[in-house]
Amino acid sequence: MSPLNADERSTTRTGMAALAHADTSDDFSVIGAIGGPRGIVESMLPGVVFVVLFIITKDVRLTVIVSAVVALVQVVARLLQRQSVMGALSGVAAVGICLIWAWKSNEARDYYMFGFLTNAAYIVLLLISLAVRVPGLGLMVEFIRTLPTEHFRAWLDGWRSDRKLRRAYTTITVLWIGLFALRLLVQVPLYVTNHVTLLGTARLLMGIPFWALAIWVSYLIVATPLHRHRIMERERADGGEYSAAHDESDESVQEQESGND
């Protein structure tokens, strides 16, 4: 796999894409990974408006309408500035589902129901991925990093056979399961007891800040084994540079690790 060129390095990537394409510490920025200052504001603003306006007015319908307008204005602003709107549109779609839920039930707390369902779904999917020994976060990062257009089995075995990398991917998958589970453990009781103000505050605090922390810790865990794996890929791709002696050395290390496991 060839190194990223200058144009690719200058492309702003967020979420797991930022983690997948960060080859050195200079390539990775937590702020950039969560969308930059503007992305953070756009992600949090509808939720902040919802909580604050509901506290002030106690009017669910008015709160929903104003929050929807705020979310739509963000997309229109990006369109007028001829900027990418994909992230904003996905955010509006999620906010829209939450707002529709609250509007239909006329219960402010139902604004947060969709978040509970998605967090629960992520937990289930990631637990299944661990059960079948294909860590979900690793699958996501590798899919973004080296999109498999053919020979899917060889692509899958290519990164799963690297013990250190697979272990790192397993660790961050467990980390993200913990994040989603913690959100549910804190927020669901607040939903059940109808503490909307506390629920909204918890949702904001456990949203972008927790996301940023999880991305950063994931990078710290994955960076070294992923960088090592990239070097091995490049050496193999260069043909003769990846010597048989290097292969035997690698196999010896893996056997020792297997014995330690």
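How far CG of L137 is from CG of L175: 8.0 Å, rounded to the nearest 0.5 Å. Expressed to the nearest 0.5 Å, how far CG of N106 lies from CG of D59 amounts to 8.0 Å. Between the OG1 atom in T173 and the CG atom in L139 there is a gap of 9.0 Å [rounded to 0.5 Å]. Atom OG1 in T197 sits 10.5 Å away from atom CG in L190 (nearest 0.5 Å). Here the CD1 atom belonging to I221 is positioned 6.0 Å from the OG1 atom belonging to T171, to the nearest 0.5 angstrom. Interatomic distance, N119 CG to W176 CH2, rounded to the nearest 0.5 Å: 10.5 Å.
Within the 4.5 Å cutoff, the side chain of L130 has no heavy atoms near those of the L126 side chain. At a threshold of 4.5 Å between non-hydrogen side-chain atoms, the residues F50 and V95 do not count as touching.
A single hydrophobic cluster is not seen to contain both V73 and V70; linkage of ILVMFWY side chains at heavy-atom distances under 4.5 Å, directly or through other members, places them apart. Note: the hydrophobic cluster containing L45 does not contain V51 (ILVMFWY, side chain heavy atoms under 4.5 Å, direct or indirect links). Taking hydrophobic clusters as Ile, Leu, Val, Met, Phe, Trp and Tyr residues chained together by side-chain heavy-atom distances below 4.5 Å, V174 does not share a cluster with L125. Note on L198: it clusters hydrophobically with F210, by side-chain heavy-atom contacts below 4.5 Å among ILVMFWY residues.
The backbone N or O of G136 sits less than 3.5 Å from a side-chain atom of S129, completing a donor-acceptor pair. Between the side chain of S67 and the backbone N or O of V49, no donor-acceptor pair lies under 3.5 Å. With R109 contributing its side chain and H195 its backbone, the two residues share no donor-acceptor pair below 3.5 Å.
For the pair E233 and R228, the salt-bridge criterion is not met [side-chain N within less than 4.0 Å of a carboxylate O]. Salt bridge present: R153 and D157 bring a charged side-chain N and a carboxylate O closer than 4.0 Å.
Of the residues W103, W101, Y191, the one that meets the side chain to side chain donor-acceptor pair (under 3.5 Å) test with D110 is Y191.
Minimum heavy-atom separation, D162 to M232: OD2-SD, 4.3 Å. Residues V196 and A108 come closest through the heavy atom pair CG1-CB, 4.0 Å. What you find for V64 and A102 is that their closest heavy atoms are CG2-CB, 4.1 Å.
Using the six-membered ring where Trp is involved, Y122 and F180 have ring planes that are tilted, between 30° and 60° apart.
In summary, the side chains of W159 and T146 do not present any donor paired with an acceptor at a separation below 3.5 Å, with no hydrogens or angles considered.
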**Message:** Is there a side chain to side chain contact (heavy atoms under 4.5 Å, CB included) between H229 and K164? Walk through the geometry before answering.
**Reply:** CA-CA 9 Å; H229 187 75; K164 289 184 178 179; over 6 Å; no
